[in-house]
Amino acid sequence: MGQDVELLDVSMRFGEFYAARNINVHIQAGEFFSFLGPSGCGKTTLLRLISGFMDPSEGQIKIGGKDMRGIGSNIRPTAMIFQNLALFPLMTVENNIGFGLEVRGVPKAKRKKKVEELIELVDLYGTGDRMVNELSGGQMQRVAIARALAVNPAVLLLDEPLSALDLRLRSQMRAELRNIQRRTGVTFIYITHDQTEALTMSDRVGVMSIGKLEQVATPDVIYNNPETIFVASFVGESNIIQGDIISIDGDYAVLKTTSGSFFCKNPQHMGQGETATIFIRPETVFLAKEPNADNVLTCRTKNLSFEGAYAVVTLTTEQGQLLTMRLNNDGTVPRIEEGENIKVRFSRENAFLLKNGGTPIA
Amino acid sequence: MRDFWNTALRDLGKIGVAYILITVGTWLVFMILIPQLIMFDYSLRPMLPLRELGGPKDVWTLKNYMVFFSNRLHMAIFFKTIWSSLIVTVVALVICYPIAFYLAKVARGAKVGLLMLGLIIPYWINELLRLFAWQIILADLGILNQLLIFLGIIVDPINFRMGNGAVILGMTYAYILFMVFPIYNVMESLDSNQLDAARDLGSSWLRIHYKIVVPHAKPGIAVGCTMTFMLAAGTVAAPQLLGSPSSFWFTQVINTNFECANWNLGAAYATVLMLLCVMFMFIMLKIFKVGLKELTQ
Amino acid sequence: MKSSNSIFRIIIGAYLVLFFAYMFLPLIFMTIIAFNANEIPQITPWKGFTLMWFGELAKDDQMWSALWNSFIVAFSVVAISVPIGLGGALLLTRLQFKARNFVYGVLVSPILTPGIILGISTFLFWDSYMNIPGGLWTAILGQSTFISSYCMLLIMSRAQRFDLTQEEAAFDLGATHRQVFWKITLPFLRPALISSMALAFMQSFDNYNTTLFAIGVEQTLPIYIGTKLRSFISPAMNALAVVFIILTVIGAIAYEYRRRREMIKAGVKITPVPAAPVLRM
Ligand SMILES: Nc1ncnc2c1ncn2[C@@H]1O[C@H](COP(=O)(O)OP(=O)(O)O)[C@@H](O)[C@H]1O
Ligand SMILES: [Mg+2]
């Protein structure tokens, strides 16, 4: 069964460089939790801290309520699936999977039985006595998973395990991983730079920028209610409009920009006079039917690319503000020509005002 | 520092760290450093009868080195050793460079394995036996004299072992392969595409070697030269087997000092030889602009 | 273009022929002489085919005792140098410290030191300073000083290719340091350890310069050969040379065979050249 993992003000310093800074997160027992962030942001470092290959420079890591400082990775109830898998090339598949049991002194017969169970679990029939380098990429992946599960870990740590696989295999493995997690009840801590992966598989996602945990929330909240500029720009596509707040109205605010003034949600409760940025997802921009409503922009279509289920329209306002709109191909959309002048609008519910600063992703 | 020990213990365990400390410590201290220092210490002390050891006369002095620098015969022998070793080094480099290049970048397939075997076999045959082969060839009744007489070039056999030629010839033969392998090893890592590209651009062979191959092979050339020079300058066997009794070599002078039980003088001479080889190595590093690290990679 | 190419090939071919003739002809002469009934070790005059020089060699007690000593020394050197080389390789590949390059330089310096110096310094230290008389023991130590460096370089070149995450994976699965070493690290290093044993043995068995000064009054085979060649040269030495050559050829071919088999086993493409006939120095 899974155990919970708690990171309390964890920082990791290499020389002067902080690979992780003041990370706080409580991962529940049995949860599928993902750390999502660009490459080099310190995801692997976090995982290595949890697995015990190193201790944090500052802060505390608790697994199952117990402080883990000074406890080696061979004693922690974690098992890791490495980015490069780190299978043992001189051993057969069986011996790879059984390694954790062997070093614990589990008798041979019992070991064999457990290995067979795992081979079944990860769908590797008939490969038991092959050497690991004779396997395909997907099969190696499964061996790594089985090997880690063999020691009955309370927490499974997965470091971009699918990044080496091709697209089809990847989506298949995603489903299988999710399945295995449900069946075993083990806490999964999953690392990825691929937002689709994080959003589709996880119970909760923690989005990281360089060394910093920006937001922890369920996938839909991460996507629909990003709390920082970084999250909004890293997860999904967004239209960005900058301006100054001219008035506040409860949870909403009005932002004055060169292309006009807009009503937006104000989740960070910024005050009047602050400069801020509006984020609008392309799929929440529509053609304006009533030209005098709020949040309407007059644009010229620059480019239109038809992609089957939807069309992506690139627009620009007179003031040079770029805008992308994604129109569902539901049969109600009028035909748009390139170079045509149109009016578009967005709902105040779908536009977020976020503080400038931090580390936006271009 | 604490970090260092923590990481070491974490990665290798107590036993692992202890193992490294004991093996490398013993080697470094008792086999490399102390014997060298003791030899140096010996070279700085006068030879004294046993009862005076530790007495007032047993002090550090440069006397042994003065003996060497004031002995014109020994100085001449020393310089002979230097230039002979230089000749051996240059000849070996000239002969081996094309062989190494051919093996590394021109030859293909099974041929390479075969030629390589042809290099490894003589390389592994004992140094003394390789010199012995030349002892036979260069003997008064040897193959070379017989051949020259048969061809009518000479009437009476030549005593090849009179001068220094036989020793130099023997040294070249015995140590030439220490030049091939280091150069081969670095040339092999040269990207063949670079050569093809240069040739497509119409560079001449000479230019390709000068601009691409030699710069790449520098560490290997430096190692080969250092090794060959060191072996030639330090060989006892070649002068013993091929030298003439009337013309000594530096290692033989060192040997004589020890045989005459003047260990202090012998240690001083040995230190001079050591310094010569170290200096040569640093000159090589400077000429070829490589670091000590690259030298032994 | 075509013709210049073929001229080029002829030149290369001729050069190779000359070079290998230079390498092998002396050895071939030496071999032929071993079978000539002539007392003087020369091809001419040819006094008929004989195996008597081998018989004479076999009757030489001194040779047998020198051979025995050589084996003792060589096995001891293997037993000392390979563990030390392993220690050095682990130190330099696994630990990060500031003086790393300096320590590296010191540890490989014995290779670049003339053998005679190593022999002299070892002898002076043990015989004169520690009052342990020179003999096989000092020869073993003197040889091990530089042979350990060779072993270290050989083991290092493999250790550098080791994927450290394999050790981490093993730890992570609950292994102790000892289990990680025996089950993961050592199996990976095994080929290099075997090669370094062979290398240490051959280096020791062939060593003359260091041994000559370190060994005192004892004899190993090369010392015996040296003594013989300096005094009275008999074709029995040719017979000994033939034995050496045969063993070397067998050894070289066995090495190549083993290498190919390893590569097939490891599933990598067979490279036409042995990676380390001598080390990457
Ligand atoms: N052992 C280390 N020493 C120094 N810097 C390191 C070390 N490990 C990681 N880093 C640095 O920490 C940062 C984060 O690395 P990592 O956790 O591997 O990122 P990610 O897995 O998100 O791509 C990188 O800039 C990396 O260079
Ligand atoms: Mg990573």
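What's counted below: heavy atoms across the whole structure, side chains too, no hydrogens, waters or symmetry copies. Proteins get letters first, then strands, A, B, ... in listed order; numbering begins at 1 in each.
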*Asks:* Select one option (side chain, backbone, both, neither) describing which atoms of C/Ile12 are under 4.5 Å from chain B's heavy atoms.
*Replies:* side chain

*Asks:* Is chain B contacted by the side chain of C/Met152, its backbone, both, or neither, given a heavy-atom distance below 4.5 Å?
*Replies:* side chain

*Asks:* Check whether B/Thr172 gets within reach of chain C through its side chain, its backbone, both or neither, counting any heavy atom under 4.5 Å.
*Replies:* both

*Asks:* Of all of C/Leu212, C/Ile117, C/Thr248, C/Ile253, which one pairs up most often with chain B through heavy atoms under 4.5 Å apart?
*Replies:*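 Option with the greatest count: C/Ile117.
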
*Asks:* Chain C heavy atoms under 4.5 Å from B/Leu12: which part of the residue, side chain, backbone, both or neither?
*Replies:*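 Both backbone and side chain of B/Leu12 come within 4.5 Å of chain C.
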
*Asks:* At a 4.5 Å cut-off on heavy atoms, which part of B/Leu119 comes close to chain C: side chain, backbone, both, or neither?
*Replies:*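 The answer is both parts of B/Leu119.
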
*Asks:* Among C/Ile233, C/Leu95, C/Leu107, which residue forms the greatest number of heavy-atom pairs with chain B at distances under 4.5 Å?
*Replies:* C/Leu107

*Asks:* Identify which part of C/Phe171 has an atom lying under 4.5 Å from any heavy atom of chain B, answering side chain, backbone, both or neither.
*Replies:* side chain

*Asks:* Of the backbone (N, CA, C, O) and the side chain (C-beta and beyond), which part of C/Ser81 lies under 4.5 Å from a heavy atom of chain B, both, or neither?
*Replies:* neither

*Asks:* Sort C/Pro222 into side chain, backbone, both or neither according to what part of it lies under 4.5 angstrom from a heavy atom of chain B.
*Replies:* both

*Asks:* Does a side-chain heavy-atom distance below 4.5 Å link C/Phe205 with B/Asn126?
*Replies:* no

*Asks:* Contact part of C/Tyr208 toward chain B, heavy-atom cut-off under 4.5 Å: side chain, backbone, both or neither?
*Replies:* side chain

*Asks:* Contact part of C/Glu167 toward chain B, heavy-atom cut-off under 4.5 Å: side chain, backbone, both or neither?
*Replies:* side chain

*Asks:* I'd like to verify something: which residue of C/Leu86, C/Thr122, C/Thr31, C/Leu240 has the highest number of heavy-atom pairs under 4.5 Å with chain B?
*Replies:*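 Top count of heavy-atom pairs under 4.5 Å with chain B: C/Leu86.
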
*Asks:* Measuring only between side-chain heavy atoms, which start at C-beta, is B/Tyr269 closer than 4.5 Å to C/Ile120?
*Replies:* no

*Asks:* Assign the ring pair B/Phe30 / C/Phe125 to parallel, tilted or perpendicular, where the plane angle (0 to 90°) is split at 30° and 60°.
*Replies:*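 Correct class here is parallel.
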
*Asks:* Show, in sequence, the C-alpha distance, side-chain angles and deciding distance for C/Gln42 and B/Ile137, and conclude whether the side-chain contact (heavy atoms from CB on, under 4.5 Å) test is met.
*Replies:* CA-CA 8 Å; C/Gln42 288 301 341; B/Ile137 292 172; over 6 Å; no

*Asks:* Between C/Ile40 and chain B, which part of the residue has a heavy atom less than 4.5 Å away: side chain, backbone, both or neither?
*Replies:* side chain

*Asks:* If I measure from the heavy atoms of chain B, does C/Thr185 come under 4.5 Å with its side chain, its backbone, both, or neither?
*Replies:* neither

*Asks:* Hey, can you tell me if C/Phe123 and B/Trp263 have their rings parallel, tilted or perpendicular (30° and 60° cut-offs)?
*Replies:* perpendicular

*Asks:* Using non-hydrogen atoms only, which part of C/Leu91 is less than 4.5 Å away from chain B: side chain, backbone, both, or neither?
*Replies:*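 Contact with chain B: backbone and side chain both.
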
*Asks:* Side chain, backbone, both or neither: which part of C/Ile245 has a heavy atom under 4.5 Å from chain B?
*Replies:* both

*Asks:* Does any heavy atom of chain B fall under 4.5 Å from the side chain of C/Asn207, the backbone, both, or neither of them?
*Replies:* neither

*Asks:* Select, from C/Leu90, C/Ile33, C/Leu164, the one with the greatest count of heavy-atom pairs under 4.5 Å involving chain B.
*Replies:* C/Leu90

